[in-house]
Number of protein chains: 2
Amino acid sequence: MQRENAHSVRQTNGRSGAKADGTVAKALAVLDAVAAAGRPVRFVDLLNDAPFPKATLYRLLQTLLSQGMVQYDAESQRYSLGLRLIRLAHAAWSQSSLGDAARPVLDALSAQTKRTVHLAQLDNAQVLYLDKRNAARPVAMFSDAGRIGPAYCTGVGKAMLAHLPERERADAIAKQSFHEYTPHTLSDPDALRANLEDVARTGVAYDREEHELGIICVAAPVLSRNGVVLGGISFTSSVHRESLADLAALAPLLRNAAAEIAERAESIFAPNVTAGAAE
Amino acid sequence: MQRENAHSVRQTNGRSGAKADGTVAKALAVLDAVAAAGRPVRFVDLLNDAPFPKATLYRLLQTLLSQGMVQYDAESQRYSLGLRLIRLAHAAWSQSSLGDAARPVLDALSAQTKRTVHLAQLDNAQVLYLDKRNAARPVAMFSDAGRIGPAYCTGVGKAMLAHLPERERADAIAKQSFHEYTPHTLSDPDALRANLEDVARTGVAYDREEHELGIICVAAPVLSRNGVVLGGISFTSSVHRESLADLAALAPLLRNAAAEIAERAESIFAPNVTAGAAE
DNA sequence: AAACACAGTTTCAGTATGTGGAACTATCAA
DNA sequence: TTGATAGTTCCACATACTGAAACTGTGTTT
């Protein structure tokens with residue numbers, strides 16, 4: 001314990017290149033692990049994949065448990081994600097400035113075109129869906145909000161990538177996995193880059209059955225006034241219903257909607273809320 | 001200069017604004033605060049309501065920020081909930097054993113009856129909605145999953161309360177706020193208790209415009225094999241559409257559905273997954 | 001029934017980690 | 001310039017986190 005010169009480095013005490021961010025980070029990592037399991041998990045199962053010793057993992061779980069972030073079923077001896085998370089997420093979603101701004105616009109788009117509409121954001125070089133309007137039936141929404149998808153082979157993904165600043169775009173492209181979902185998937189960085197140039201030029205991105213056979217999309221980025229990528233929106237359809245060219249006819253509608261969303265989003269953020277300090 | 005400790009308020013209480021010790025708990029409290037704000041908040045605003053000194057709050061926010069649990073907009077200098085939360089919640093929701101088990105059942109109920117269907121769970125003596133099927137249009141679901149409601153004046157709430165073990169029920173009743181939403185609201189513990197006795201006897205709870213004028217519900221608890229309250233489901237309708245008596249005719253359907261959900265939920269939890277030890 | 005194995009929980013000394021008062025910087029207003 | 005308020009950094013200090021190891025509980029094997 002050298003306190004005199006303690007000011008030195010934040011020694012992360014060697015060991016594998018961990019992040020060593022703090023207890024909170026560890027607890028969240030445990031949460032992720034529980035989430036990743038995809039179903040209730042037992043202590044050992046978590047222990048196997050966890051970089052923590054038994055006692056530490058145990059304590060973290062207890063903390064999360066008493067905090068309502070995970071649940072524990074005594075009978076099956078399994079942990080699952082807790083209700084508090086759902087509450088929080090409800091808040092996160094309903095006040096997400098983009099989601100908030102987009103909601104009525106998506107409603108209108110969906111009603112007007114009878115197509116499936118998606119709203120997404122970029123999260124760590126992946127597509128994170130924020131909202132959806134289904135063409136046909138009232139499908140449970142939550143099953144799609146929060147869902148993660150690939151950026152390099154979806155309409156929204158490409159629309160957003162194309163409008164990123166160069167540096168960020170390069171980073172993001174480097175993070176893509178280029179799994180060949182279908183024969184049409186752009187399966188290497190160069191093919192993607194070429195495609196993105198078109199997208200950047202036209203302001204419209206297409207998914208030509210690149211992610212799923214038979215499924216096509218038109219997408220447009222949602223850009224802030226100063227060109228920052230806020231998100232993306234798209235129409236999805238199927239080749240059985242119409243050709244890509246037909247779907248492309250909806251692009252102007254999409255671009256207008258994107259502009260409207262951007263404007264609404266900025267007016268939510270921007271106003272000098274400084275007034276009502278209380279609360 | 002001494003931290004006013006000495007209190008040893010070591011409560012493992014956890015819920016409802018409790019502040020058990022531990023960094024994780026504090027960080028989560030900050031998250032809650034951001035969520036509670038309902039919109040992007042500035043540092044000071046958080047500081048005012050927070051029980052933490054400036055530097056501590058600052059550090060906690062930085063941690064949450066670097067963990068993706070909150071976002072920071074440099075321009076407006078405001079914090080909001082982060083995307084990681086949405087991802088986690090998606091997982092929480094889609095693997096919630098109850099929600100999972102209930103989904104197809106709710107679909108069927110909704111298709112069959114054309115009524116609005118709710119699935120809820122008790123969370124800290126309040127109703128937390130997990131899923132919903134709207135009678136008419138495909139409404140964005142997330143806006144309702146995660147929503148919190150009062151237990152003492154909703155169908156699902158009373159259905160669940162009534163089937164709680166005595167001790168827990170007493171606790172839960174003590175936590176109700178008894179706000180008089182409408183002239184029909186059961187606005188004191190005794191009235192509620194009396195009503196719950198009926199509910200317990202019949203296995204069906206009604207909301208007779210107790211929460212909102214014109215809105216009525218029939219609800220049934222989802223009970224595990226050994227009688228533990230897992231959740232509740234309900235049909236909601238309006239007095240303009242039908243009388244409570246008419247709606248009540250759907251009760252048997254509801255009870256069957258509840259039983260089916262319970263069975264499915266238990267078979268999701270139960271299976272001896274012990275097999276794949278390796279991995 | 002005793003022996004074993006493995007899951008889960010508790011303990012405890014040691015110190016890494018988080019704490020928070022205070023000093024500092026940045027911004028705006030008078 | 002001075003003053004007020006917001007946000008950030010510093011750092012001595014001790015809380016509260018760590019993790020090996022011991023322990024308990026349950027199920028399986030002999």
Side-chain angles (χ1 to χ4, degrees), chain A residues 1-16 18-30 40-67 70 72-79 272-275 277, chain B residues 1-12 19-30 40-67 70 72-79 272-279:
Chain A
M1 180 193 277
Q2 72 295 40
R3 71 172 45 129
E4 314 288 60
N5 36 6
H7 180 278
S8 57
V9 193
R10 194 45 152 264
Q11 322 210 50
T12 320
N13 85 19
R15 209 52 45 113
S16 53
K19 40 303 200 70
D21 205 340
T23 325
V24 174
K26 287 175 199 163
L28 292 176
V30 172
V41 261
R42 279 182 326 188
F43 182 78
V44 237
D45 301 328
L46 291 172
L47 187 57
N48 288 336
D49 307 322
F52 312 115
K54 224 200 230 184
T56 300
L57 178 63
Y58 182 73
R59 244 179 309 105
L60 289 171
L61 277 169
Q62 290 306 311
T63 304
L64 290 171
L65 188 56
S66 89
Q67 288 299 314
V70 305
Y72 181 68
D73 179 67
E75 201 176 332
S76 63
Q77 301 202 117
R78 285 185 152 75
Y79 293 90
N272 63 332
V273 209
T274 349
Chain B
M1 191 280 191
Q2 71 297 32
R3 71 209 93 281
E4 40 41 276
N5 48 11
H7 284 166
S8 73
V9 191
R10 196 44 139 241
Q11 344 203 46
T12 323
K19 39 193 24 218
D21 267 11
T23 324
V24 174
K26 286 175 199 165
L28 292 176
V30 172
V41 261
R42 280 185 329 202
F43 182 78
V44 238
D45 301 328
L46 290 172
L47 186 57
N48 287 337
D49 306 322
F52 311 115
K54 224 199 227 185
T56 300
L57 178 63
Y58 183 73
R59 244 179 310 103
L60 289 172
L61 275 169
Q62 290 305 311
T63 305
L64 290 171
L65 189 55
S66 88
Q67 288 300 314
V70 305
Y72 181 69
D73 180 67
E75 201 177 331
S76 63
Q77 301 202 117
R78 285 184 150 76
Y79 293 89
N272 64 330
V273 208
T274 349
E279 169 113 7

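Letters A, B, ... are given to chains in the order of the sequence lines, protein chains preceding strands, and every chain is numbered from 1.
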- Item | All side-chain contact (heavy atoms from CB on, under 4.5 Å) counterparts of A:Tyr72, not counting sequence neighbours |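 So A:Tyr72 forms a side-chain contact (heavy atoms from CB on, under 4.5 Å) with A:Leu65, A:Ala74, A:Gln77, A:Tyr79.
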
Distance from [X] atom [atom1] to [Y] atom [atom2], nearest 0.5 Å?
X: B:Leu28; Y: B:Lys26; atom1: CG; atom2: NZ; result: 12.0 Å
X: B:Leu61; Y: B:Leu57; atom1: CG; atom2: CG; result: 4.5 Å
X: B:Lys54; Y: B:Leu46; atom1: NZ; atom2: CG; result: 13.5 Å

- Item | Residue list, ring-ring contact (aromatic ring centres under 6.0 Å, His included) with A:Phe52, at least two apart or on another chain |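 Checked A:Phe52 against ring-ring contact (aromatic ring centres under 6.0 Å, His included); zero matches.
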
Please give, in whole Å, the distance from [N] [atom2] to [X] [atom1]?
X: B:Leu60; N: D:dA16; atom1: CG; atom2: P; value: 13 Å
X: B:Lys26; N: C:dG18; atom1: NZ; atom2: P; value: 10 Å
X: B:Phe43; N: C:dT27; atom1: CZ; atom2: C1'; value: 16 Å
X: A:Arg78; N: C:dA7; atom1: CZ; atom2: C1'; value: 12 Å
X: B:Leu61; N: D:dG7; atom1: CG; atom2: P; value: 10 Å
X: B:Gln77; N: D:dT8; atom1: CD; atom2: C1'; value: 12 Å
X: B:Leu47; N: D:dT5; atom1: CG; atom2: C1'; value: 12 Å
X: A:Phe52; N: C:dG8; atom1: CZ; atom2: P; value: 17 Å

- Task: Determine: side-chain N/O of A:Thr23 to OP1/OP2 of C:dT17, distance under 4.0 Å, yes or no.
- Result: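 Checking C:dT17 against A:Thr23, no side-chain N or O comes under 4.0 Å of OP1 or OP2.
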
- Task: Examine C:dG20: is either OP1 or OP2 under 4.0 Å from a nitrogen or oxygen in the side chain of B:Thr56? Give yes or no.
- Result: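 For C:dG20, OP1/OP2 do have a side-chain N/O of B:Thr56 under 4.0 Å.
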
- Query: Looking at B:Ala27 and A:Val24, what are the two nearest heavy atoms and their distance?
  - Reply: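 It is CB-CG2, 3.6 Å.
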
- Task: Of all the heavy-atom pairs spanning B:Gln67 and A:Ala25, show the shortest one and how long it is.
- Result: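 Minimum heavy-atom separation between B:Gln67 and A:Ala25: NE2-CB, 3.3 Å.
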
All N/O pairs under 3.5 Å across the protein-nucleotides 10-12 of chain C interface:
residue	atom	partner	partner atom	Å
C:dT10	OP2	A:Tyr58	OH	3.2

- Query: Between D:dA6, D:dT8, D:dA16, which nucleotide has the shortest distance from any of its atoms to the side chain of B:Val44?
  - Reply: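 It is D:dA6.
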
